[in-house]
Amino acid sequence: MADPLLRIEGLVKRFGGIVATDQVSLDIAPGELHAIIGPNGAGKTTLIGQLTGEIRPDSGRIRFQGTDITRRPTHRRSLQGLARSFQITSIFLDLTVAENVVLAVQAHAGHSFRFWRRVASDRRLQEPARAALRQVGLDARADARAANLSHGERRQLEIAMALATEPTMLLLDEPMAGMGPEESARMVETLRALKGRLTILLVEHDMDAVFALADRITVLVYGRAIATGDPDTIRANPEVRRAYLGDQGTEAADG
Amino acid sequence: MMRPASLSSPSNLAAALILVLLALLPLFAELLASPFLVTLFTRMLIYAIAATSLNLILGYGGMVSFGHAMYIGIGGYVVGIMASHGVHAGWLQWPLAIAISALFALVIGALCLRTRGVYFIMITLAFAQMVYFMGVGLEEYGGDDGLTIYNRSSFGSLLNLSDKRVFYYVCLALLVGALYLVHRLVQSRFGMVLRGSKSNDRRMQAIGFPTYRYRLTGFVIAGMICGLSGALMANHNEFVSPAMMHWVQSGDLIVMVVLGGMGTAAGPLFGALAFLLVEYLLSRITEYWQIIFGPLLILVVLFARGGIGSLFDMLEGRRRG
């Protein structure tokens, strides 16, 4: 593989007696869409948390674009191009849809110690925000209060906010969680359109989506990465089938 | 494309109307031959400035400072102490009142803003109590009994603040300035960070904002504006005492902001006027005016969530059907 964009080496995180991340090592190439799957409690969210800097690993290293970011605070990682969307939708409910995305643009447009000029008339913020909203098909809702969006729309907004920071890599924590089939299909289309343009790490329960989108898949069980490979390899891997896909997963995976 | 920070919303129009009436008030007072009205309303204007500063951090930034009256005291004492040493120049007194308030806000905010929620409320209260007792401890300057100011701040021949009407208009102009300043601040990039951090601070950090330094800056700006209101209050009362920064005063400021409408441009104006008018009218009826004021407050909180400002907007909505 070419130089990986993100390299995880021997990452360990314990919560009391539970090993939530157990010696996970993983390389993700530039432009790759890498999915992480695993049963509930496999440590997927803990892993993402360590990548964003919200959780501090007990040992191991995280390298992003060749530099060690293991001890770097969240906002610095974000500024470096590592954007995340949350598993539990976490938008600014009091603000409009456009303001939500504007904030994301603003975060990467230098410092915000600017006290006088109105954000509403600042093209350098408004235009990229509009563009991000268009990419996820939310531009018609720009002036709605975020609190009034449907669940699916909120997830789309999440992605737009992550995109607005012009990231090199997107960390998506269950973007399809709680979505109906129609909304999921829209999200798959959005992600397909982004695929290849930026590197994506996708944590997702929706097997149809994962097997349709991913270049490679890593299976996490009890904090350990038990297999990594392309969708066909993972589908065929007996250990994965036993540990994770089980009865309910196989038919979804086989499609 | 942003939410109406529009100046033409009903509540802002009402605010503009009130400001025009306030500008005419000294004329009414003369017609009614009751100069006391000017004094009464000067006090309201000064509290409205203090409430405007609190609205910046409480209404827009979600920082419930329970010690905000501290800056009224600090600004007041700077004026009082300087006056007692024979320094009457307003050009020195007022900027210094603002600067010392900024210094206190910087140190206190730097510590308080590491906490959240109830802890933030408690620790701001604790610091305000500390400053209160510092005031009590200033034996040289009257301690608990306070300090009388014999000369109001002097601006040479430009402004004679001993003229009650001149002082009234100075307060009104500074109130309009403070309202406009906060109105612009909250729409700037800086203001977006404040509002975003009120809404969802964790997310703000995830998208790349070191929110602490912006919140601290907001805290300091609010302290400065409130310090100026303290300098005005000292001139108005011609007296300063620790009672100016008693925690009940901080509570009153919070009530004014909530009553007027948190996080709205004109809210502090409505809140301060309504609070002090009701206090004045009720206290003429009974010594125990709070018995009536309390339930009134509960009614506003229950039926007009957005405060008085939202009542104007609701009326407009009803009229439009």
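Letters go in sequence order (proteins before strands), and every chain restarts at 1. Everything quoted here is computed from the prediction, not taken from an experiment.
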Contacts table for residues 64-71 of chain B: side-chain donor-acceptor under 3.5 angstrom, sequence neighbours left out:
residue, atom, partner, partner atom, Å
B:S65, OG, B:G67, N, 3.4
B:H68, NE2, B:S53, OG, 2.8

Side chains of A:R117 and B:S188: any donor to acceptor distance under 3.5 Å? no
Among residues 68-80 of chain A, those lying within the under-4.5 Å heavy-atom range of chain B are A:T74, A:H75, A:S78, A:L79
Are a donor atom and an acceptor atom from the side chains of A:R197 and A:Q135 found within less than 3.5 Å of each other? yes
Option that, when pairs with chain B are counted at under 4.5 Å, heavy atom only, ranks first among A:T165, A:N100, A:L103: A:L103
Taking the basic N atoms (NZ, or NE/NH1/NH2) and the acidic carboxylate oxygens, is any pair closer than 4.0 Å for B:R203 and A:E158? yes
Do B:F127 and B:L111 have side chains that approach each other closer than 4.5 Å (heavy atoms only, starting at C-beta)? yes
Part of A:A164 lying under 4.5 Å from any heavy atom of chain B: neither
Heavy-atom contact with chain B under 4.5 Å, split by part of A:L82: neither
Worked verdict on A:H34 versus A:I200 for side-chain contact (heavy atoms from CB on, under 4.5 Å): CA-CA 6 Å; A:H34 194 108; A:I200 299 176; over 6 Å; no
Quick test of your reading of the model: are A:E183 and A:R155 salt-bridged, counting only N-O distances below 4.0 Å? no
